[in-house]
Amino acid sequence: VQLQASGGGLVQAGGSLRLSCAASGRTGTSYVMGWFRKAPGKEREFVAGIRWRGGDTSYADSVKGRFTISRDNAKNTGFLQMNTLKPEDTAVYYCAVNPDGMSMMVSRFIYWGQGTLVTVSS
């Protein structure tokens, strides 16, 4: 499974960005796609996840109400719409896939994209 993340960039506080994650290879039809981020000096943290079959979503408390995860089944692509961005959202964002189709636990995500940098200026 290969994951290609894109859409990062520089935005002012209060602005929006949309990240994309294109999945290819033997993904199957039932997996979990997650977004994680790692800021300098901080641990990697879960941001959002979506179960490909059914579309159930989960969010970190820090992004609830501001970020929306979605998917395009036909294109095998996931999205993370980020609104009302804050400087503390600055990080490298990674998409990842858990092939078991259920768990959002970080340890179950075994395929990772290369990361895309999001910088939010104050």
Side-chain angles (χ1 to χ4, degrees):
V1 175
Q2 293 79 44
L3 302 173
Q4 182 69 42
S6 61
L10 173 64
V11 64
Q12 288 187 332
S16 298
L17 282 174
R18 189 192 195 205
L19 305 184
S20 300
C21 180
S24 60
R26 303 183 69 175
T27 58
T29 59
S30 178
Y31 57 91
V32 179
M33 180 174 282
W35 287 95
F36 298 81
R37 66 187 181 186
K38 189 176 187 316
K42 294 186 177 181
E43 298 288 323
R44 178 180 57 188
E45 64 173 341
F46 171 81
V47 175
I50 185 167
R51 294 189 176 91
W52 218 253
R53 180 174 291 177
D56 297 342
T57 59
S58 180
Y59 296 92
D61 288 343
S62 58
V63 306
K64 280 181 181 176
R66 300 188 298 123
F67 291 11
T68 303
I69 190 170
S70 61
R71 73 203 193 290
D72 182 330
N73 286 2
K75 296 181 178 179
N76 236 16
T77 299
F79 304 97
L80 184 68
Q81 178 67 43
M82 306 185 295
N83 298 329
T84 319
L85 282 161
K86 303 176 181 179
E88 51 263 44
D89 294 318
T90 296
V92 177
Y93 283 71
Y94 299 88
C95 61
V97 161
N98 167 17
D100 79 9
M102 288 299 297
S103 176
M104 298 278 185
M105 293 178 61
V106 63
S107 60
R108 303 306 301 265
F109 288 84
I110 63 174
Y111 301 108
W112 291 81
Q114 83 286 5
T116 184
L117 177 62
V118 172
T119 303
V120 184
S121 63
S122 57

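The figures that follow rest on heavy atoms only: side chains count, while hydrogens, waters and symmetry mates do not.
- For residues 94-103, the pairs satisfying side-chain hydrogen bond (donor to acceptor under 3.5 Å, both in side chains) are Asn98-Asp100, Asp100-Arg108, with sequence neighbours left out.
- When the salt bridge (Lys or Arg N to Asp or Glu O under 4.0 Å) test is applied to Lys38, no partner is found at least two apart in sequence or on another chain.
- Applying the side-chain contact (heavy atoms from CB on, under 4.5 Å) test to Ala96 and every residue at least two apart in sequence or in another chain returns Phe36, Phe109, Trp112.
- To the nearest 0.5 angstrom, Tyr111 atom OH is 9.5 Å from Leu3 atom CG.
- Within the structure, side-chain hydrogen bond (donor to acceptor under 3.5 Å, both in side chains) pairs that include any residue of residues 82-92 comprise Ser16-Asn83, Arg37-Asp89, Arg66-Asp89, Gln81-Asn83 (at least two apart or interchain).
- Not counting sequence neighbours, the partners of Ser6 by the side-chain contact (heavy atoms from CB on, under 4.5 Å) test are Ser20.
- The line from OG1 of Thr77 to CD of Gln4 is 10.5 Å long, rounded to the nearest 0.5 Å.
- Residues Leu85 and Leu17 have side chains in contact (heavy-atom distance under 4.5 Å, counting atoms from C-beta outward).
- Trp35 has its side chain within reach of Leu19: a pair of non-hydrogen atoms, C-beta onward, lies under 4.5 Å apart.
- Within the 4.5 Å cutoff, the side chain of Arg71 has no heavy atoms near those of the Phe79 side chain.
- Here the closest heavy-atom approach between residue Ser122 and residue Ala13 is recorded as CA-CB, 4.3 Å.
- For Arg51, the side-chain contact (heavy atoms from CB on, under 4.5 Å) partners are Val32, Asp56, Met102, Met104, not counting sequence neighbours.
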